Participant: 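Quick one: the structure is below, and I'll ask about it shortly.
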Amino acid sequence: MSHNSFGHLFRFTTWGESHGPAIGCVVDGCPPLIPLTEADIQGFMDKRKPGQNRFTTQRREPDEVKILSGVMVDEDGVQKTTGTPISLYVENTDQRSKDYSEIKDRYRPGHADYTYDAKYGIRDYRGGGRSSARETAMRVAAGAVARKIIPNVTIRAALVQMGPHKIDRNNWDWAEVDNNPFFCPDAKMAAFYADYLDGIRKAGSSVGAVIEVVAEGVPAGLGAPLYGKLDQDIASALMSINAVKAVEIGNGFDAASLTGEENADEMRAGNARPLFLSNHAGGILGGISSGEPIVARFAVKPTSSILTTRQSVTRQGDEVDVMTKGRHDPCVGIRAVPVGEAMMACVLADHFLRHRGQVG
Ligand SMILES: Cc1cc2nc3c(=O)[nH]c(=O)nc-3n(C[C@H](O)[C@H](O)[C@H](O)COP(=O)(O)O)c2cc1C
């Protein structure tokens, strides 16, 4: 199976399966002499890890990250990157393959089972093998390293819609995001989501979500006008996350219904750079960052593994009904929030190094 790597100058490769002994990644291209410890990574891992509340899967994995290579303690006792590949891993400690034995030969509708089998001729039914979102834990680890390369950039994400229910953007408060189990910036809506998702969960069903990722402090100039567009790479990075079905930058699809006057981000003279009077472009013009906040949104589909019976077929082509037991998130969009932040960090670190490589 090829295509396990992401990025150019800042590049990571992930390895491992949901039900193997461990999963890991190798981060290549991180510059030397950046202070880096496991504690710098663990906080982000903890945001993504399962089993933290009743709204996420009850799989209990501590997801304790270990650094195997690429760092050294200097004469002042500070552990720093050496510029060599950084190998990271976490153990899988709570896999229950027997939960999946009933779907050994059955394809879960809406999951990757059929296409994975059609391509590779092997059915890793134990949680979906490489198509399991367990892999996203290592994206979060790589993202924590990426953040160290661009320390002046603040990358935050929030859940802004669950099912058809959008937040009230007037209530947006970043401080709320870590105060509720949904990473929701609207406290009132978070309270509503608690009841709403309880109903979905008790019915054995699932629901989708929209996540907004914002990167502030990105200097003007990252990206390239043609095949290395910053928005192109962000879209690809977010779309590569499991269950993501759409990505928008700035106004996104809504831009199509605006006039040129409405959509133009007018400029006045500023101090170090122009002052933009709006940010419909989401911080990127012509594939290059403008210095305004980069704003991206992605839509996550409802979890396909649900407790209600759906029609499907077996590997042998027989028609069957499938109900997926095991432990699943009723809204995978919640745990996708830190993953979206991590992918944004990896793209920006990669483009920061590429920018420096081209213009010095
Ligand atoms: C953080 C996260 C956790 C997920 N957990 C589950 C899960 O418990 N059960 C499930 O069926 N899908 C889960 N998914 C989604 C599947 O991994 C995904 O739908 C599947 O790989 C098929 O890929 P696709 O939806 O991109 O087509 C999760 C996705 C994310 C981002």
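The basis for the numbers below is simple: all heavy atoms, side chains too, and nothing from hydrogens, waters or symmetry mates. Just follow the structure's listing: the first ligand is 1, and inside any ligand the first atom is 1. Every value quoted in this text rests on a predicted model; they were computed, and no experiment measured them.
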Participant: Taking the six-membered ring for Trp, are F12 and F6 parallel (under 30°), tilted (30 to 60°) or perpendicular (over 60°)?
Facilitator: tilted

Participant: Quick test of your reading of the structure: of I334, V244, T115, T303, whose heavy atom lies closest to atom 10 (C) of ligand 1?
Facilitator: T303

Participant: Is there a salt bridge (charged side-chain N to carboxylate O under 4.0 Å, His left out) between R134 and D63? Walk through the geometry before answering.
Facilitator: CA-CA 10 Å; R134 180 97 188 101; D63 282 1; 2.7 Å; yes

Participant: Of all the atoms in ligand 1, which lie at a distance below 4.0 Å from a heavy atom belonging to A133?
Facilitator: 2 (C), 3 (C), 4 (C), 17 (O), 28 (C), 29 (C), 30 (C)

Participant: Look at the aromatic rings of Y120 and Y116 and report parallel, tilted or perpendicular, splitting at 30° and 60°.
Facilitator: perpendicular

Participant: Under 4.0 angstrom from ligand 1, any heavy atom of D329?
Facilitator: yes

Participant: Look at atom 19 (O) of ligand 1 and find which of H111, E135, R139, K301 reaches it with the closest heavy atom.
Facilitator: K301

Participant: Report, in ascending order of atom number, the atoms of ligand 1 lying under 4.0 Å from any heavy atom of S304.
Facilitator: 11 (O)

Participant: Between S305 and ligand 1, is there a nitrogen or oxygen pair with a distance under 3.5 Å?
Facilitator: yes

Participant: Same cluster for F55 and I306 if Ile/Leu/Val/Met/Phe/Trp/Tyr side chains link at under 4.5 Å?
Facilitator: no

Participant: Among P338, A243, S132, G110, which one puts a heavy atom closest to atom 26 (O) of ligand 1?
Facilitator: A243

Participant: For the pair K188 and D168, evaluate salt bridge (charged side-chain N to carboxylate O under 4.0 Å, His left out) and give the outcome as yes or no after the intermediate values.
Facilitator: CA-CA 9 Å; K188 214 170 146 196; D168 179 348; over 6 Å; no

Participant: Answer yes if the side chains of S69 and S87 hold a donor-acceptor pair under 3.5 Å, and no otherwise.
Facilitator: no

Participant: Below 3.5 angstrom, do we get any N/O pair linking S131 and ligand 1?
Facilitator: yes

Participant: Nearest non-hydrogen atom to atom 18 (C) of ligand 1 belongs to which of V332, V300, N242?
Facilitator: N242

Participant: Look at the rings of Y196 and H165 and say which category their plane angle falls in: under 30° parallel, 30 to 60° tilted, over 60° perpendicular.
Facilitator: perpendicular

